[in-house]
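This report refers to the structure that appears directly beneath it.
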Amino acid sequence: MLNTLNKTKEEEVRYPIKGVVKTKAQKIRILLQAQLERKEIADWGLKQDCLQIFSVGPRVVMALAATLNTRPGFFQPLRHAISLTQCLNQKLWNDASFELQVLQLKN
C-alpha cells in the first residue's frame, strides 16, 4: 500500500521517495503526505498509524520550534517548523487549493 502511494501516478504523493519504502521514517513521510493530500488509505493498520502521527506530530514539531526559538540565527527553520505544525493541525498542505463554501442561513 505504501509503495502504491509512493509510485502510482494517480495516487502519487507530492514528494515521493526513490525506490521502495523500507524504514519507519519513510513510512511516516508517505503516510503524512497521503493524509495531507486527502488520499484514501484502505488499510486499517495504516489508518491507525496516521492517527498516531497526527496526534503526536504537532507536539514534536512544536517542541522543535520552541528549541529553535531559543537559538539565534535559526529563523528559517523555525518558520518551517511553525508552518508544518499548522499543516498537521489542519491536516492540509499550507498551499492547498480547497475552497471554503459560505452557507447562507435563511431566517
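In this structure, R14 pairs ionically with D95, as a charged nitrogen and a carboxylate oxygen lie closer than 4.0 Å.
Across every non-hydrogen atom of A65 and L78, the tightest pair is O-CD1, 3.2 Å. N3 approaches V21 most closely through the heavy-atom pair OD1-N, 2.8 Å. Of all the heavy atoms in Q26 and V20, the pair that sits closest is OE1-O, 3.7 Å. Nearest heavy atom pair, residue V13 against residue A34, reads CG1-N, 4.0 Å. Counting all heavy atoms, side chain and backbone alike, L68 lies closest to A81 at CD1-CB, 4.5 Å.
Q90 CD to Q86 CD: the interatomic distance, rounded to the nearest 0.5 Å, is 6.0 Å. Atoms SG and CG, from C50 and D43 in turn, are 10.0 Å apart once rounded to the nearest 0.5 Å. Rounding to the nearest 0.5 Å gives a distance of 12.0 Å between OH of Y15 and CG of L32. Taking CD of Q33 as the reference point, atom CD1 of I28 lies at 12.5 Å (rounded to 0.5 Å). Distance CG/L36 to CG/L31: 11.0 Å, rounded to 0.5 Å. Here the CE atom belonging to M62 is positioned 11.0 Å from the CG atom belonging to L88, to the nearest 0.5 angstrom.
I53 and L64 are not part of a single hydrophobic cluster, where members link through side-chain heavy atoms under 4.5 Å apart.
A donor-acceptor pair under 3.5 Å links the side-chain atoms of S55 to the main chain of L51, judged by distance alone. Side chain of N89 to backbone of T85: a donor-acceptor contact under 3.5 angstrom is found. Using modelled atom types, no side-chain atom of Q48 and backbone atom of G45 make a donor-acceptor pair closer than 3.5 Å.
Using a 4.5 Å heavy-atom threshold, the side chains of R59 and V56 count as touching. The shortest distance between side-chain heavy atoms of E37 and L92 does not fall below 4.5 Å. Residues K47 and E40 are in side-chain contact: their nearest non-hydrogen atoms beyond the backbone lie under 4.5 Å apart.
Other residues, nucleotides and ligands place no more than 12 heavy atoms under 6.0 Å from the CD atom of Q52.
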Discussion item. Evaluate I17 against K22 for side-chain contact (heavy atoms from CB on, under 4.5 Å), listing each step before the verdict.
Written reply: CA-CA 10 Å; I17 296 171; K22 295 179 184 176; over 6 Å; no
